[in-house]
Amino acid sequence: QVQLVESGGGSVQAGGSLRLSCTASVYTYSRNCMGWFRQAPGKEREGVAALDTDGSMRYAGSVKGRFTISRDNAKNTLYLQMSSLKPEDTAMYYCAARSTAYCRGARLAAFDYNYWGQGTQVTVSS
């Protein structure tokens with residue numbers, strides 16, 4: 001069983017920055033597929049950023065150049081650095097993991113993940 005705990009959400013003005021963290025309770029964390037997703041009210045959950053075992057990254061077009069995903073294997077922690085935030089970035093942000101022996105290719109589809117955190121709210125005001 002993998003437990004994921006997000007933190008770092010909050011309220012910020014447009015143009016500001018936030019860093020989200022996700023701590024995973026699994027010793028195989030470093031080999032897992034990891035990703036960040038978000039869901040705004042009335043909208044479907046969308047993939048924002050993802051990492052594979054080798055560190056390859058993938059981003060949604062709407063956040064490319066503004067968001068950076070990274071991981072600290074020693075701390076079992078995944079990060080999402082968000083800069084130049086826009087009101088349309090307002091959503092609940094979720095950390096996700098796919099427990100696997102080797103993750104080849106960063107994935108932005110929700111069905112590729114089998115563990116989810118509880119979410120952390122990000123609100124960007126104009």
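The model shown is predicted, which means the values in this text are computed figures rather than measured ones.
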#### Entry: Under 3.5 Å: donor-acceptor pair, side chain of D72, backbone of A74
yes
### Message
Please enumerate all residues that pass side-chain contact (heavy atoms from CB on, under 4.5 Å) together with R58, with sequence neighbours excluded.
### Response
A106, L108
### Message
Are the side chains of L51 and R107 in contact, using a 4.5 Å heavy-atom criterion?
### Response
no
### Query
Can we call the ring centroids of F37 and W116 under 6.0 Å apart?
yes
### Task
Identify the heavy atoms of A49 and L80 that sit nearest to each other, and give their distance.
CB-CD1, 4.0 Å
### Message
As an exercise, state the distance from OG of S21 to CZ of R71, rounded to the nearest 0.5 Å.
### Response
14.0 Å
### Query
If we ignore angles and hydrogens, is there a donor and acceptor under 3.5 Å between the side chains of Y113 and R98?
no
### Query
salt bridge (charged side-chain N to carboxylate O under 4.0 Å, His left out) between D89 and R66: does it pass, once the steps are laid out?
CA-CA 11 Å; D89 294 318; R66 300 188 298 121; 2.8 Å; yes
### Query
What heavy-atom pair brings R104 and D52 nearest, and what distance separates the two atoms?
C-OD2, 4.0 Å
### Task
Looking only at non-hydrogen atoms, find the nearest pair between P87 and S125 and report the distance.
CG-C, 4.5 Å
### Query
How about Y115 and N32: does a side-chain donor come under 3.5 Å of a side-chain acceptor?
no
### Query
So, for A91 and Q121, which heavy atoms are closest and what is the spacing to 0.1 Å?
O-NE2, 3.4 Å
### Query
With side chains defined as the heavy atoms from C-beta onward, is the minimum distance between Y79 and R19 less than 4.5 Å?
yes
### Query
Considering the options K86, M82, R38, which one meets the side chain to side chain contact (heavy atoms under 4.5 Å, CB included) requirement together with V63?
R38
## Note on the structure
Shortest non-hydrogen pair, M92 vs G119, comes out as SD-C, 3.7 Å
### Heavy-atom check, side chain of E88 versus side chain of S126, under 4.5 Å
no
### Task
Answer yes or no: is there a donor N or O on one side and an acceptor on the other, between the side chain of T90 and the main chain of T123, under 3.5 Å?
no
### Task
Kindly work out whether a path of hydrophobic side-chain contacts (I/L/V/M/F/W/Y, heavy atoms less than 4.5 Å apart) joins Y94 to V122.
no
### Summary
What one should report as the nearest heavy-atom pair of Y59 and I69 is OH-N, 2.9 Å
### Message
When you measure from the side chain of S25 to the backbone of Q3, do you find a donor-acceptor pair of N or O atoms at a distance under 3.5 Å?
### Response
yes
### Query
Which residues satisfy the side-chain contact (heavy atoms from CB on, under 4.5 Å) test with V12, sequence neighbours excluded?
L18, L85, V124
### Query
If Ile, Leu, Val, Met, Phe, Trp and Tyr residues are connected whenever their side-chain heavy atoms lie under 4.5 Å apart, and connections chain through other members, are L20 and L78 in the same group?
yes
### Message
Set out, in order, the CA-CA distance, both residues' side-chain angles and the distance that settles side chain to side chain contact (heavy atoms under 4.5 Å, CB included) for W36 and E6, then state yes or no.
### Response
CA-CA 10 Å; W36 285 100; E6 302 101 331; 3.9 Å; yes
### Query
Do M34 and C95 come within less than 4.5 Å of each other through their side chains, counting heavy atoms only?
yes
